[in-house]
Participant: 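Okay, here's the structure, questions in a sec.
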Number of protein chains: 2
Amino acid sequence: MRNDCTVYKTMDYLSKKWTVMIILELYKGSRWKRFSEIKRSMEEITPKMLSERLRNLEAEGIVERKADSEESPTMVCYRLTEMGLDLIPVIKGVKSWALRWKVDNPACASQDCLVCVL
Amino acid sequence: MRNDCTVYKTMDYLSKKWTVMIILELYKGSRWKRFSEIKRSMEEITPKMLSERLRNLEAEGIVERKADSEESPTMVCYRLTEMGLDLIPVIKGVKSWALRWKVDNPACASQDCLVCVL
DNA sequence: CGGTATCCTTTCGGATACTG
DNA sequence: CAGTATCCGAAAGGATACCG
């Protein structure tokens with residue numbers, strides 16, 4: 001597997017901090033969500049990180065962005081694309097594996113955990 | 001999803017550089033492989049990295065290690081555990097998604113690419 | 001052979017302040 | 001509101017040399 005391998009690159013950005021959490025946050029509700037709304041739901045993320053990850057995901061075609069500059073203050077919304085939605089089963093695959101082999105953490109498989117609610 | 005979430009942690013170490021490549025290298029052939037044999041098949045990896053990743057994977061229960069110190073020079077071998085083998089379909093899930101949506105790279109889906117030979 | 005130890009560079013991510 | 005700019009510390013990873 002080479003560094004320019006699509007699968008390698010996919011693993012690479014999926015595993016960056018916050019990325020999966022953002023995808024799941026957008027999946028939850030499956031509708032347009034505002035920057036501030038996403039940010040509010042992930043208390044500790046900085047605007048820099050959220051912005052960076054969203055731009056990345058948009059560039060990958062996983063997230064789409066809609067800006068309405070007529071509005072004031074400006075309104076920007078994000079949601080998963082079809083490609084992004086199709087990533088959910090992949091994340092579920094990781095979840096299933098983890099639940100099969102690694103449930104050593106009682107907090108997992110609980111309501112506290114976004115991925116475990118999947 | 002919290003930092004101590006098992007799924008989060010799984011994503012985290014799966015995505016570290018070299019990890020998936022090592023898993024696939026051990027899957028290829030599905031037999032005990034020596035440290036040097038693995039290293040030789042991944043030209044650019046340093047012994048430090050290979051050693052560190054293997055110890056990690058062993059600690060996670062994904063890889064098992066067998067040392068024969070009677071032999072000289074010392075012989076150490078590694079292979080996937082049952083848990084590790086069960087990770088292959090998960091990686092295939094990522095592969096399928098990537099092939100569905102992202103085959104922008106001609107080198108992918110070729111014989112050059114370990115994951116694409118899966 | 002199968003690693004460690006050391007050092008060094010690069011990348012990542014957080015804090016904080018600021019802007020159209 | 002939806003970001004960007006700047007700075008900084010921590011962590012990851014590579015190069016090289018060495019050891020039991």
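Computed over heavy atoms, backbone and side chain alike; hydrogens, waters and symmetry mates excluded.
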Participant: Could you pull out all residues at least two apart from B/Arg65 that satisfy side-chain hydrogen bond (donor to acceptor under 3.5 Å, both in side chains)?
Facilitator: B/Tyr78
Participant: Measure the distance from CG on A/Asn56 to P on D/dT4 and round it to the nearest whole Å.
Facilitator: 12 Å
Participant: How many Å lie between CE on A/Met75 and C1' on D/dG3, as a whole number?
Facilitator: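 After rounding, the gap between these two atoms is 16 Å.
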Participant: State whether the side chain of A/Lys102 and the backbone N or O of B/Glu60 hold a donor-acceptor pair below 3.5 Å, judged by distance alone.
Facilitator: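 Judged by distance alone, yes, a pair lies under 3.5 Å.
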Participant: Spell out, as yes or no, whether a donor-acceptor pair under 3.5 Å connects the side chain of A/Lys95 to the backbone of A/Pro89.
Facilitator: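 It does not hold such a pair.
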Participant: Kindly say whether A/Met11 contributes a backbone atom to a donor-acceptor pair with the side chain of B/Ser15 at under 3.5 angstrom?
Facilitator: no
Participant: Main chain of A/Ala98, side chain of B/Thr10: is a donor-acceptor contact present, judged purely on distance under 3.5 Å?
Facilitator: no
Participant: Roughly, in whole Å, what's the span from CG in A/Leu50 to P in D/dA5?
Facilitator: 16 Å
Participant: Can you check each nucleotide of nucleotides 12-20 of chain D against protein heavy atoms at under 4.0 Å and return B for base, S for sugar-phosphate only, - for none, in 5' to 3' order?
Facilitator: -BBB-----
Participant: Side chain of A/Ser36 only, please: which of D/dA2, D/dC1, D/dG3 is the nearest?
Facilitator: D/dA2
Participant: Answer yes or no: is there a side-chain heavy-atom contact under 4.5 Å between A/Tyr13 and A/Ile62?
Facilitator: yes
Participant: Is B/Lys39 reaching over with its side chain to a backbone N or O of B/Leu50, donor-acceptor style, under 3.5 angstrom?
Facilitator: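 It does not hold such a pair.
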Participant: Heavy atoms of chain A, cut-off under 4.0 Å: which first and last nucleotide of DNA chain C, 5' to 3', fall inside that, if you could look?
Facilitator: C/dC12 to C/dA15
Participant: Determine whether B/Leu87 and B/Leu80 make a side-chain contact, defined as any pair of heavy atoms from C-beta on separated by less than 4.5 Å.
Facilitator: no
Participant: Can you tell me the distance, in whole Å, between the CZ atom of A/Phe35 and the P atom of D/dC1?
Facilitator: 11 Å
